[in-house]
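Remember, it's 1-based here, ligands and their atoms both numbered in the order they're listed.
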Amino acid sequence: MKLSVIGAGYVGLTTAACLAQIGHDVFCSESDLDKLAKLQNGVMPLFEPHLEDVIEGVRKVGRLHFGSTEDAIVWGDAIFICVGTPPLANGDADLHAIEAVARTIAKRATGYRLVIEKSTVPVQTGAQLRKHLSVHGTNGSKYDVASNPEFLREGSSVEDFLHPDRIVIGADSPRATDLLREIYEPIVQQRFDCPIHSDCPKRKKPIFLATDTNSAELIKHASNSFLAMKISFINMVANLCEAVGADVTKVAQGMGLDPRIGPAFLNPGIGFGGFCFPKDVQAFIRIAEKSGCDFSLLREVEKINQRRVEHFVEQVRNELWVLRGKKIAVWGLAFKPNTDDVRFAPALSIIRSLQAEGARIQAYDPEAMEKAKNEIPDLTYCQNAYEAAKGADAVLLLTEWEEFRAIDWKRLGGLMERSLIVDGRNALSPDDLTSYGFHYVGIGGVSGTPQELTSLVNG
Ligand SMILES: NC(=O)c1ccc[n+]([C@@H]2O[C@H](COP(=O)([O-])OP(=O)(O)OC[C@H]3O[C@@H](n4cnc5c(N)ncnc54)[C@H](O)[C@@H]3O)[C@@H](O)[C@H]2O)c1
C-alpha cells in the first residue's frame, strides 16, 4: 500500500522504515530542512539501533522516499501523523504541529485519505481532527480519522515496532479499521523479512486491538502514566529503604515475583525522563482536570519524580561534603541507554545542580554528547569513560549503558583522585566494586565499602 509518514523523528522515522520493511511503499516527510537533507543524503539525524540498516535496505529497493509534507500528502492512501506534541507551560500537550499537518492535508489531499494519529495526543483529539479536516477541506476529499498510539521505546524502536505486544487502533468506521488491519497484517502474522532476528517465526503474534478513537487515545496516556506511577512508587520505596536500612533491590525482587505486580519498571533511580513520561503524565493530568476528574494521584507521581534529582545531588553532597571545586565524572547523559535523546534527561538536571554549586563536570556518553552540547555547552566532554574519570573525586553513573558494566575497575581506580562511585541506576555490582577498593553508593540502601575503609571509619 502507498503510505505517508509525517515527521521523521524517533517515532516517524522508525514507523516509515519499518512499514517499508514489511512491504509498503512509504513517503516520509520532515519539516526541518537540515534533517531532511541528511535523510535524503543517507545520513542519520538520530541514533537508534538497527534503524540505519533498515533505512539503507528499503531505500535501495525504492520503498522509502523522503521529501516535503505537501508531497507526502499527495502520495499516500493513509497518512501517519508522527510530529511532536511537547508540553505547554501549563502541562497541556501542544498540538500546534498536529493542527498544521491537518491544515496541509485539508488543502492538498484529493480523494479519500485515512488520517492516522500516531503522535501521543489527549483524548478527543481525533474528534477535533475530523472537524478541522472538514472545515478546511477545499477539494471535496473524504477522510477517516483513526488513532494508532505508538508504544515503541527509544533504544529498541525497530524491534518494538516489528515485534510489538499489541497494536491498538481506534477508528469509528469499518473502512478505517480494515485499512489499518491490512497495513499491519504482516506484523500481526509476523510474516516479513526481519532485519534483526533469524528466529522470527518463533515469535509471538501481537494482539490487534480495535477500539473507538477516544479509547485508543486514552490507552496510550493511561499506559504511560501507569508506568510512570510504578517508577515513582519504587523510588519512594527506595527512600524508605535508605531511611530504615533495607535494600530496595531485594524489596523490588520480592514484589516483582508476584505475577500481579511483575518485575518491570521496579528499578529505582534518578527518575523518569525522555520525551514521553514527563509530558504524558502532565497532559493526562490536564485532560482529566478539564473533564472534571481530579487525578491527584498523578500529581504525586510527578512530584516524587521531580524530587529525584535533588535527592541524588544530596547523596553526592553527603559523600563529597563540599561540592565547590570538586571534579566529578558523569557517565551517561541520555535519558536511557541506547539512545542519543537527552530531552528531559535527569542527567542534565543533575549536572546543572552540581554546576550551580561549583562542581567541575567531566562527562561522557557513548551517543548523546552532540545533543547534550546544545543543552549544556559549558562542561568538559570526554572521549571515553576513563578520560572522564581522570582526577575525579567521584564517578556518577547516570545512564546505564552496557559499556559501563565492562569497565576495567583496576585501571579506573588508578586514574581517580578518590575511588567513589555513586550509581544513580543501581546498574553496577557493589561486591565487585568494593573488591577493587571502591566505595559504592547506590539508590535505596544499596552500598558497599571496602574492608580497609570500614576499619578506617570505625577507627
Ligand atoms: N520518542 C518516543 O519514544 C515516543 C514513543 C511513543 C510515542 N511518542 C510520541 O510520538 C510523537 C513524536 O515523538 P518523537 O520522539 O518522534 O518526536 P521528534 O521530535 O523526534 O520528531 C517529530 C518530528 O516531526 C517533525 N515535524 C514537525 N512538524 C512537521 C510537519 N508539519 N511536517 C513534517 N515534519 C514535521 C519535526 O521536525 C521532528 O523531526 C510525540 O507525540 C511523542 O509523544 C514518542
Side-chain angles (χ1 to χ4, degrees), residues 4-18 27-40 44-49 51 66-76 79-88 92-108 115-122 125 129 147-161 164 166-168 216-217 219-221 223-225 227-228 272-284 334-345 371 374:
S4 301
V5 175
I6 314 295
Y10 291 88
V11 168
L13 203 51
T14 304
T15 300
C18 291
F27 193 107
C28 178
S29 80
E30 172 54 52
S31 59
D32 175 333
L33 296 181
D34 282 348
K35 228 186 215 182
L36 179 61
K38 278 187 178 163
L39 288 164
Q40 287 172 325
M44 287 293 286
L46 54 88
F47 171 77
E48 191 57 44
L51 190 54
F66 294 107
S68 71
T69 296
E70 285 74 12
D71 289 346
I73 287 162
V74 174
W75 174 274
I79 302 171
F80 287 83
I81 304 180
C82 301
V83 299
T85 48
L88 290 169
D92 277 344
D94 180 351
L95 300 179
H96 90 270
I98 303 250
E99 204 235 24
V101 174
R103 262 176 197 261
T104 319
I105 294 175
K107 286 210 185 89
R108 297 284 298 197
V115 179
I116 303 155
E117 351 157 303
K118 195 171 253 314
S119 301
T120 301
V121 291
T125 301
L129 259 177
S147 162
N148 171 216
E150 182 50 61
F151 301 99
L152 65 76
R153 297 159 299 175
E154 284 178 33
S156 54
S157 72
V158 173
E159 172 148 18
D160 292 346
F161 193 97
R166 81 280 209 205
I167 294 166
V168 173
E217 290 166 341
I219 286 169
K220 175 65 189 177
H221 264 154
S223 301
N224 274 4
S225 299
L227 293 174
F272 53 79
F275 196 51
C276 287
F277 288 176
K279 77 172 177 58
D280 291 353
V281 170
Q282 274 183 30
F284 202 40
F335 84 94
K336 62 185 285 197
N338 301 319
T339 179
D340 60 351
D341 196 351
V342 296
R343 291 176 292 183
F344 303 100
K371 291 198 167 145
N374 297 329

Check: Can you check whether Ile73's main-chain N or O pairs, donor with acceptor, with Ser4's side chain at less than 3.5 Å?
Finding: no

Notebook entry, point to check: Residues in side-chain contact (heavy atoms from CB on, under 4.5 Å) with Pro149, at least two apart?
Noted result: Ser147, Phe151, Val168, Ala216, Lys220

Next item on the list: Using side-chain contact (heavy atoms from CB on, under 4.5 Å) as the criterion, list what pairs up with Ser157, not counting sequence neighbours.
Entry: Thr14, Glu48, Leu152

Next item on the list: Taking Lys336 for its side chain and Gly274 for its backbone only, find out whether a donor-acceptor pair lies under 3.5 Å.
Entry: no

Check: Would you call Lys38-Glu30 a salt bridge at under 4.0 Å N-O?
Finding: no

Indicate every side-chain donor-acceptor pair of residues 95-104 with a distance under 3.5 Å to a residue at least two apart or in another chain.
from   : atom 1 : to     : atom 2 : distance (Å)
His96  : ND1    : Asp94  : OD1    : 3.1
His96  : ND1    : Asp94  : OD2    : 3.3
Thr104 : OG1    : Ala100 : O      : 2.8

Check: Which protein residues have a heavy atom closer than 4.0 Å to any atom of ligand 1, listed by chain and number?
Finding: Ile6, Gly7, Gly9, Tyr10, Val11, Ser29, Glu30, Ser31, Asp32, Lys35, Thr69, Cys82, Val83, Gly84, Thr85, Val101, Ser119, Thr120, Glu150, Leu152, Glu154, Lys220, Phe275, Cys276, Lys279, Arg343

